[in-house]
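The shown structure was predicted, so the numbers you read here are calculated from the model rather than taken from an experiment. A, B, ... follow the sequence lines: proteins, then strands. Residue 1 opens every chain.
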Protein chains: 2
Amino acid sequence: MLFHFKTQFPTLNPFWDKYLEFQTRLEVPAKTILLEEGKVSQQYIFIEKGCVRAFFNNNGIDKTVQFFFENEGLTSLDSFVNNTPSLSSIETLEPSVVYLLPKQYVTQLLEELRHEPDFMQMILQIFARRQIHYMNEFVSFIRDTPEVRYQRLLNERPHIVQRVAQHYIASYLGVSTVHLSRIKSKLAKGKSHF
Amino acid sequence: MLFHFKTQFPTLNPFWDKYLEFQTRLEVPAKTILLEEGKVSQQYIFIEKGCVRAFFNNNGIDKTVQFFFENEGLTSLDSFVNNTPSLSSIETLEPSVVYLLPKQYVTQLLEELRHEPDFMQMILQIFARRQIHYMNEFVSFIRDTPEVRYQRLLNERPHIVQRVAQHYIASYLGVSTVHLSRIKSKLAKGKSHF
DNA sequence: CCGGAACGATAACATATGTTATCAAGTTCA
DNA sequence: TGAACTTGATAACATATGTTATCGTTCCGG
């Protein structure tokens, strides 16, 4: 969310690098909770290896909100910015290597960055991207059937389907595991007209 | 989206005020298109009176994405930031009074603001809010039935239900007009146990 | 003030999706 | 390695939702 902009705004590189030393490297197995629902997010998480998901508990039913993979960074934004209890948890789905940067350093980094010429462009890009991402997720529910949403996922982010267990994907798509299975078998039949 | 932060960050007030003179006041009837799908957004829109919706056309079917009312500001963020064709249109739902601030002045204003002490807090608040809004919309589709989504709308943003025609709300909730009508009559029956 | 258009309710039917249960195959771990 | 757990497929049935059509009411422009 922050650090993949290295290549896009080269003049800002020295700033990222200055904070490398404040990161904690963590090597963890699958199903490790990195942030627990209800706790306040204190760190920015960067994934070097593996993958994680954000999810929340709804009446005992586990709902996945988002997946993250190598070279992506994340945090529970509301919790991080407003010091409020996080509405979602974050856990690893595979054995992973992550780096944690405490909030105070993120704040410090942003303070340093904001006087740089490229800063405004960068910050607008970063936030616009995230916002557009969530907006698209939302629009997809208004516009597409679950079948189409699955196809889009398959086309646009195939690594998710490949690496993540199906029940997580089902809840992410907003359907039951049974129905996702039906969708898959229907699509498989469709393809077999060779 | 920008200008309602006046009261929250008083030290920044003089900056907003400096740009008032560059706004164009527009008095328009209902169903006036303020931004057309496919065109590049060139202005930030602030609503003084009335209400508008953002929507897009999906295979001839009109889908509403969001509603805006008095003292709210909006733009097609992706289009505005990246100079790309807007994916959605914006139109008034009632006779309205809006102010338009051309993009160049928004950019200029942000450039002036970013050196102010409160800037980082403000910009994080603004973007975090928007992002959390869209994330919540999205999560609601994963978590809630259409009936619950309608009830939440009724509880959390009753002005929308009061002022906006039902078929716009139906597409916003992701259901057909017929089903929204069913939901309403079901809820009405539930209430009549007096 | 009239007439057409927009709006909302409802019925009848078709389709999509959820729920529960069962089974087979793969995985994990003591 | 074997037992428990996880994962995914499928069937049968129940419920939710979409589609089309009809009707009465309201709204709005000429």
* **Side-chain donor-acceptor contact under 3.5 Å, A:Y105 with A:Q23** => no
* What's the CD1-C1' distance between B:I61 and D:dT20, to the nearest Å? -> 13 Å
* **Integer-rounded Å distance: C:dT17 C1' and A:Y150 OH** => 17 Å
* How bent is the helix from C:dC1-D:dG30 to C:dA30-D:dT1, comparing axes over its five end pairs at each side, to the nearest 10°? -> 60°
* How about A:R182 and A:V175: do any of their side-chain heavy atoms sit closer than 4.5 Å? -> no
* Can you tell me the distance, in whole Å, between the CD1 atom of B:I142 and the P atom of C:dT17? => 15 Å
* Asked: Where along nucleotides 25-30 of chain C does protein come under 4.0 Å, by heavy atom, of base (B) or sugar-phosphate alone (S), with - for untouched nucleotides?
  -> ------
* Asked: Between C:dT10, C:dG18, D:dA9, which nucleotide has the shortest distance from any of its atoms to the side chain of A:S181?
  -> D:dA9
* Structure fact -> Contacts of B:K49 meeting side-chain contact (heavy atoms from CB on, under 4.5 Å) (sequence neighbours excluded), chain-then-number -> B:E70, B:V97
* Within the structure, does a side-chain N or O atom of B:K184 lie under 4.0 Å from either OP1 or OP2 of C:dA9? -> yes
* No-hydrogen, no-angle side-chain donor-acceptor test under 3.5 Å, B:S76 and B:S41 -> no
* To do: Report the hydrophobic cluster partners of B:I33, with the cluster defined as I, L, V, M, F, W, Y residues connected by side-chain heavy atoms closer than 4.5 angstrom, directly or transitively.
  => B:F55
* To do: Tell me yes or no: between the side chains of A:Y172 and A:E137, is some donor less than 3.5 Å from an acceptor?
  => yes
* Could you state the atom-to-atom distance from NZ of A:K186 to C1' of D:dA11 in whole Å? => 18 Å
* Would you please name every residue forming a side-chain contact (heavy atoms from CB on, under 4.5 Å) with A:N58, sequence neighbours left out? => A:F56, A:K63, B:R143
* Round to the nearest Å and state the distance from A:L180 atom CG to C:dA16 atom C1'. => 14 Å
* **Contact list for DNA chain C against residues 163-179 of chain A - heavy-atom distance below 4.0 Å** => A:G174, A:V175, A:S176, A:V178, A:H179
* Asked: Is there a side-chain contact between B:S86 and B:E37 (heavy atoms, below 4.5 Å)?
  -> no
* To do: Could you tell me the separation between the CG atom of B:D144 and the C1' atom of C:dG18, rounded to a whole number of Å?
  => 16 Å
Let me have the donor-acceptor pairs involving side chains of residues 115-123 of chain A, under 3.5 Å, with sequence neighbours excluded, atom names and distances please.
from	atom 1	to	atom 2	distance (Å)
A:H115	ND1	B:H115	ND1	2.7
A:D118	OD2	A:T11	OG1	2.9

* Asked: Which pairs, with at least one residue in residues 69-91 of chain A and sequence neighbours excluded, count as a ring pair (Phe, Tyr, Trp, His ring centres under 6.0 Å)?
  -> A:F69-A:H159
Short heteroatom pairs, N/O only, protein and nucleotides 23-30 of chain D, under 3.5 Å:
none

* Check side-chain contact (heavy atoms from CB on, under 4.5 Å) between B:S176 and all other residues, then give those that pass, not counting sequence neighbours. => B:V178, B:H179
* To do: Mind jotting down which residue pairs meet the salt bridge (Lys or Arg N to Asp or Glu O under 4.0 Å) criterion with at least one end in residues 171-181 of chain B? Sequence neighbours excluded, please.
  => none
* **Residue pair A:V81 / B:Q125, side-chain heavy-atom distance below 4.5 Å** => yes
* Report the distance from atom CZ of B:R182 to atom P of D:dT15, rounded to the nearest whole Å. => 15 Å
* Sequence-distant partners of B:A30, side-chain contact (heavy atoms from CB on, under 4.5 Å), two or more places apart -> B:P95
* To do: Rounded off to whole Å, could you give me the CD-to-P distance for the B:E147 and C:dT17 pair?
  => 19 Å
